[in-house]
S.K.: 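Could you have a look at this structure, given as structure tokens, before my questions?
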Amino acid sequence: METKISRLSATEKALEVIWELEKKYGDLMFYQAGGCCEGTQPQCFEKGGFYPRMNDAMIGTINGHEFWIDRDLFEYWKYSHFTLDVTDGFGPGGFSLETPLGKTFKVHYKLFTPEEYENLEPVKRSE
């Protein structure tokens, strides 16, 4: 049986920040909205600190923490692999848990090949 391809990964720098946040807050979750006030950068919350809307997509986990995408944003980016990274500075929202550390999570995108797209891990949808 062929191994399914993940839609999500994280850089070592992002994992280091996540480990630091885990020590302080415990279980986490990520949500990437479709724009407006919070922009499209991923936000990190304590698990349950944000409720995905109906039909939002959970594209995978990072270190066991769910990564949710706004349903409309997912339709736009569903052909892409997401790599979670972190940079110095403050994002537009300021609600994400890494903000007090002077960090901001960001995503790099890479388009899947047609062969990869046909063999992706399934997406979970909120109800």
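Remember, it's a predicted structure, so these values are computed and weren't measured experimentally.
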S.K.: Under the salt bridge (Lys or Arg N to Asp or Glu O under 4.0 Å) rule, collect the residues that match up with R53, sequence neighbours excluded.
M.R.: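 D56, D70.
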S.K.: Say you draw a straight line from CD of E20 to CG of L97; how long is it, rounded to the nearest 0.5 Å?
M.R.: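 Reported value, rounded in 0.5 Å steps: 11.5 Å.
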S.K.: Consider only side-chain heavy atoms of I, L, V, M, F, W and Y, link residues closer than 4.5 Å, and tell whether L73 and V123 are in one cluster.
M.R.: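 Hydrophobic grouping puts L73 with V123.
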S.K.: Would you please test D27 and E46 for side chain to side chain contact (heavy atoms under 4.5 Å, CB included) and show each step?
M.R.: CA-CA 6 Å; D27 288 337; E46 292 180 61; over 6 Å; no
S.K.: Can you hop from V86 to L28 via hydrophobic side chains spaced under 4.5 Å?
M.R.: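 In one cluster: yes.
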S.K.: Do Y31 and Y109 share a hydrophobic cluster (ILVMFWY, side-chain heavy atoms under 4.5 Å, transitive)?
M.R.: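 Looking at the clustering, Y109 is in a separate group from Y31.
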S.K.: L21 and C44: which non-hydrogen atoms are nearest, and at how many Å?
M.R.: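 Where L21 meets C44 most closely, the heavy atoms are CD1-SG, 3.9 Å.
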S.K.: T61 and L8: which non-hydrogen atoms are nearest, and at how many Å?
M.R.: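 Looking at all heavy atoms of both residues, the shortest contact is N-CD2, 3.7 Å.
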S.K.: Would you indicate whether Y25, at its atom OH, is surrounded by more than 12 heavy atoms from other residues, nucleotides or ligands within a distance under 6.0 Å?
M.R.: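 Count over threshold, so yes.
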S.K.: Determine the minimum heavy-atom distance between S9 and H81, stating which atoms define it.
M.R.: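 The pair with the smallest heavy-atom distance is OG-CE1, 2.8 Å.
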S.K.: Mind checking the CG-CH2 spacing from L111 to W77? Nearest 0.5 Å is all I need.
M.R.: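 If we round to the nearest 0.5 Å, L111:CG and W77:CH2 are 7.5 Å apart.
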S.K.: Going only through I, L, V, M, F, W and Y residues with side-chain contacts under 4.5 Å, is there a path from F112 to V107?
M.R.: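 As far as the 4.5 Å side-chain criterion goes, V107 and F112 are not connected within one cluster.
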S.K.: Nearest heavy-atom pair of R7 and E121: which atoms, and what distance?
M.R.: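 Taking every non-hydrogen atom into account, NE-O, 3.5 Å.
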S.K.: Would you name the heavy atoms of K78 and Y117 that are closest together and state the gap between them?
M.R.: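 Distance-wise, the nearest heavy atoms are O-CE1, 3.5 Å.
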S.K.: Does K24 have more than 12 heavy atoms from other residues, nucleotides or ligands lying within 6.0 Å of its NZ?
M.R.: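 Counting other residues, nucleotides and ligands, NZ of K24 stays at 12 neighbours or fewer.
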S.K.: NZ of K106 to CD of Q41: how many Å apart, nearest 0.5 Å?
M.R.: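 Going from the NZ atom of K106 to the CD atom of Q41 covers 11.0 Å.
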S.K.: According to side chain to side chain donor-acceptor pair (under 3.5 Å), who are the partners of D85, at least two apart in sequence or on a separate chain?
M.R.: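 Per chain and number, D85 pairs via side chain to side chain donor-acceptor pair (under 3.5 Å) with T11, H108.
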S.K.: Run the salt bridge (Lys or Arg N to Asp or Glu O under 4.0 Å) test against E98 and tell me which residues pass, sequence neighbours left out.
M.R.: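 E98: no salt bridge (Lys or Arg N to Asp or Glu O under 4.0 Å) contacts found.
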S.K.: Evaluate side chain to side chain contact (heavy atoms under 4.5 Å, CB included) for E116 paired with E118, printing each intermediate quantity in order.
M.R.: CA-CA 5 Å; E116 289 171 329; E118 293 301 315; over 6 Å; no
S.K.: Among F105, W68, F82, whose ring-ring contact (aromatic ring centres under 6.0 Å, His included) with F30 holds?
M.R.: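 For F30, the ring-ring contact (aromatic ring centres under 6.0 Å, His included) test succeeds with only one of F105, W68, F82, which is F105.
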S.K.: Within a radius of less than 6.0 Å around OH of Y76, do more than 12 heavy atoms belonging to other residues, nucleotides or ligands occur?
M.R.: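 Atom OH in Y76 is not crowded, with 12 or fewer foreign heavy atoms closer than 6.0 Å.
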S.K.: With side-chain contact (heavy atoms from CB on, under 4.5 Å) as the test, pick out the partner of N55 among E75, R71, E127.
M.R.: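 Only match with N55 under side-chain contact (heavy atoms from CB on, under 4.5 Å): R71.
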S.K.: Should L101 and I18 be regarded as members of a common hydrophobic cluster, given that ILVMFWY residues are connected when their side-chain heavy atoms come within less than 4.5 Å of each other, either directly or indirectly?
M.R.: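 Yes, same cluster.
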S.K.: Look up atom NZ in K4 and atom CG in N119, then write down how far apart they are to the nearest 0.5 Å.
M.R.: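 Taking NZ in K4 and CG in N119, the distance rounds to 4.5 Å.
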S.K.: Given side chains that start at C-beta, do those of E22 and H65 come closer than 4.5 Å, heavy atoms only?
M.R.: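 When only atoms from C-beta onward are counted, H65 and E22 do touch, with a gap below 4.5 Å.
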S.K.: From I5 CD1 over to T113 OG1, what is the distance, rounded to the nearest 0.5 angstrom?
M.R.: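 Rounded to the nearest 0.5 Å, the CD1-OG1 separation comes out at 6.5 Å.
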